[in-house]
Protein chains: 2
Amino acid sequence: MRGGRLPRNLDRYAVHVVDRALDVLETLRDSGRPVRLQDVAQRLPIAKSSVFRLLCTLERRGYVDRTPDNLYRLGAHWLSYRDLAGKHPPLTEISVPHMRRLLDAYGETVNLGVLREGKIVYLEMLESAHSFRMAAAAGTISPVHSTALGKAIAAFLPESVIDATIRRRGLPALTPRTITSRAAWKRELARTRVRGYAEDNGETEPEVTCIGAPIFGFDGNVIGAISVSGPASRMRSIRQRVARAAVDACAAISRALGPASERRAQRGG
Amino acid sequence: MRGGRLPRNLDRYAVHVVDRALDVLETLRDSGRPVRLQDVAQRLPIAKSSVFRLLCTLERRGYVDRTPDNLYRLGAHWLSYRDLAGKHPPLTEISVPHMRRLLDAYGETVNLGVLREGKIVYLEMLESAHSFRMAAAAGTISPVHSTALGKAIAAFLPESVIDATIRRRGLPALTPRTITSRAAWKRELARTRVRGYAEDNGETEPEVTCIGAPIFGFDGNVIGAISVSGPASRMRSIRQRVARAAVDACAAISRALGPASERRAQRGG
DNA sequence: CTCGCATGTTTCAGTGAATGAAACTGACGT
DNA sequence: ACGTCAGTTTCATTCACTGAAACATGCGAG
């Protein structure tokens, strides 16, 4: 490796305004429809005039569009990122039908994720219809060590890769239940390997339970995982069935990815 | 319309840091491959430590990824914008083959654009192989009044829409040759209507000539345009042939777009 | 027609935060 | 072991971001 040591505090160097600008963009993205300046200001802890300036900046660069009646939405400049944002890798296409079946059967949010740069990236996310549900956009990042997706993947990764990942990202506590000791985490991975699926019992977010199962590529290496997540209260009773169903779904996906796939399905870590 | 009057100076309110952050993102995007912090700093007039902070901020939000050996590239969070960025409207799909034919025939950059919020948005862009060429990313924004794309579209738009656009965007001078008088611009549109294609003779960028032709939707309304652009020196000799070829290509696209239709023709008005 | 309200625009002065330079830390090659 | 290189961290300066409040404008009520 080149250069100095890796950073300690990522947050230490965050630039305030840029963070806010991203908040504005994500607000527009999540609104779905054009919104008024004031709506944005209201949803974020930012003064109206500041939102105004941020929107001006983003509009000038084409990242934001303004309609004639002063409604804002994401602009055309996003097109220039389509090669990165628009790619639907075969993994996603193959997985979605299976994910939908899981969602229909249990009514809880279903996620598809892969490992990238030592973190879990959500590629797809089918949301539960429950008003109290896990929800996030595709592209969201989560840590490996606390999530069911992460454990499902890590459990079937070579020891060396796991060690490198931990060395790089550590085992930060996200909730009181997060596993923070290296030994305990290794034991958790062993348990996961044995039963074939992973659990996250409020280790990433309090009161949220996830069940995750691994997806294997044509060469037998783990390339991703699917998880079902919901409030602990609802998940408790269906945990066993969900686990079995998730494992079955992932097995089916792995089979579908099969020997035919010449392509490297996804980038691993 | 609600709210106060429209803004005078868009630039007046630009937030410096946000602009820089966007510069960094676009640098990563345009690099194509992972790059070092220092490379980014070198390409932009920003100090190394500032680039570092911006990259930290963007990384924390998932918009930037860092490889284990400290190379930066765009991150997974772009996935969350795929619904906006990934859309390939039928217009693009149908147009690209025709555009490629133009590129092959004349060797100059071919653009596809539409009108959105009073500005020209580039949907697709096939780049000339010449080292001296027009080049920009899809999603780029340009003004209507100076570009061949803009004129080709505006010429076939209802007068009221044109007026509204000018009222909204004005006729700012981009080069000494830009048409800045409303009357002159109207005459230019009339000329465009008569001959069926538009020209931009260094009105957007000095020494750059563009030839643009309109694309009509199934209902006969103009929905976009294609242009061929290159240095004035090379364009001079092929202008006539390019114009004819562009008009033919657009006619073919218009036909392919819709069942109905004899489009409102070259000589109409 | 006038008034009042809602919304976006602009100004302003304080201050918090972004800035570049330079010192520092490790890693790697020699 | 040392020199070099690239990323990290610190720091004092000052710039520009900040929120509040005033302003402009459009709309609807009365």
Side-chain angles (χ1 to χ4, degrees), chain A residues 1-24 27-28 31 34-60 64-73 117 164 167-168 170, chain B residues 1-24 27-28 31 33-61 64-73 117 164 167-168 170:
Chain A
M1 187 202 309
R2 303 190 179 178
R5 71 162 175 276
L6 289 170
R8 307 281 173 208
N9 301 320
L10 251 181
D11 293 11
R12 241 180 119 62
Y13 298 106
V15 179
H16 194 206
V17 207
V18 175
D19 257 332
R20 292 174 140 208
L22 295 177
D23 286 336
V24 168
T27 300
L28 293 183
S31 301
V35 293
R36 295 171 312 161
L37 188 157
Q38 192 175 248
D39 298 330
V40 179
Q42 206 155 13
R43 280 182 227 181
L44 299 169
I46 309 181
K48 198 172 53 159
S49 48
S50 298
V51 173
F52 173 73
R53 278 182 305 245
L54 291 173
L55 285 172
C56 278
T57 309
L58 294 168
E59 183 192 355
R60 210 169 56 97
V64 159
D65 249 11
R66 178 172 11 184
T67 67
D69 48 349
N70 274 328
L71 298 178
Y72 291 89
R73 61 176 164 178
E117 304 299 347
R167 216 174 310 117
R168 203 162 153 211
Chain B
M1 186 201 312
R2 302 191 177 178
R5 72 163 174 275
L6 289 170
R8 307 281 174 209
N9 299 321
L10 251 181
D11 293 10
R12 239 180 121 63
Y13 297 107
V15 179
H16 194 204
V17 207
V18 175
D19 256 332
R20 292 175 140 208
L22 295 177
D23 286 336
V24 168
T27 300
L28 293 183
S31 301
R33 66 193 64 196
V35 292
R36 295 173 311 164
L37 188 158
Q38 193 174 245
D39 297 331
V40 179
Q42 207 156 13
R43 278 181 229 182
L44 300 169
I46 310 182
K48 197 171 56 159
S49 49
S50 297
V51 172
F52 174 71
R53 278 181 306 243
L54 290 173
L55 284 172
C56 278
T57 311
L58 295 168
E59 184 191 355
R60 210 170 56 97
R61 291 298 214 99
V64 159
D65 248 13
R66 179 174 9 188
T67 66
D69 48 348
N70 274 327
L71 297 178
Y72 292 89
R73 61 175 165 179
E117 305 299 347
R167 216 175 308 116
R168 205 162 151 213

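Small disclaimer: the values here were computed from a predicted structure and weren't measured. Proteins get letters first, then strands, A, B, ... in listed order; numbering begins at 1 in each.
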Checklist outcome for this item: Nearest heavy-atom contact between B:Leu58 and B:Ala21 is CD1-O, 4.2 Å
Checklist outcome for this item: the helix from C:dC1-D:dG30 to C:dT30-D:dA1: angle between terminal helix axes, five bp per end, to the nearest 10 degrees, reads 40°
Item to check | Value in whole Å for how far the C1' atom of D:dC5 lies from CG of B:Asp69 | outcome: 15 Å
Checklist entry - Taking CG from B:Leu71 and P from D:dG7, how many angstroms apart are they, rounded to a whole number? => result 8 Å
Checklist outcome for this item: With sequence neighbours left out, the residues meeting side-chain contact (heavy atoms from CB on, under 4.5 Å) with B:Ser31 are B:Thr27, B:Val35, B:Arg43
Checklist entry - Can you tell me how far the OG1 atom of A:Thr57 sits from the CG atom of B:Leu22, to the nearest 0.5 Å? => result 8.5 Å
Next on the checklist: Tell me the interatomic distance from B:Phe52, atom CZ, to C:dA18, atom P, rounded to whole angstroms.
Outcome noted: 14 Å
Item to check | Candidate list B:Val24, B:Val51, B:Val40, B:Val64, test side-chain contact (heavy atoms from CB on, under 4.5 Å), partner B:Tyr72, passing option | outcome: B:Val64
Checklist entry - By side-chain contact (heavy atoms from CB on, under 4.5 Å), which residues pair with B:Asp23, not counting sequence neighbours? => result A:Arg61, B:Leu44
Item to check | Separation of atom CZ in B:Arg66 from atom C1' in D:dA6, rounded to whole Å | outcome: 12 Å
Item to check | A:Leu37 to A:Phe52 - nearest heavy-atom pair and separation | outcome: CD1-CD1, 3.6 Å
Checklist entry - Once you round it to whole Å, what is the distance between C1' of C:dG8 and CG of A:Leu37? => result 7 Å
Next on the checklist: Let me confirm one number: the OH-CG distance from B:Tyr13 to A:Leu54, rounded to the nearest 0.5 Å.
Outcome noted: 14.0 Å
Checklist outcome for this item: Between OH of B:Tyr72 and P of D:dA6 the distance, given in whole Å, is 14 Å
Checklist entry - Which atom pair, heavy atoms only, marks the closest approach of B:Leu71 to B:Pro34? => result CB-CB, 3.6 Å
Checklist outcome for this item: Under a 4.0 Å heavy-atom criterion, the protein footprint on nucleotides 16-21 of chain D, written with B, S and -, is -SBBB-
Item to check | Whole-Å distance separating the CG atom of B:Asp19 from the C1' atom of C:dT19 | outcome: 16 Å
Next on the checklist: For B:Arg60, give me all partners under salt bridge (Lys or Arg N to Asp or Glu O under 4.0 Å), at least two apart in sequence or on another chain.
Outcome noted: A:Asp11, A:Asp19
Item to check | For atom CG of A:Asn70 and atom C1' of D:dA24, their distance in whole Å | outcome: 13 Å
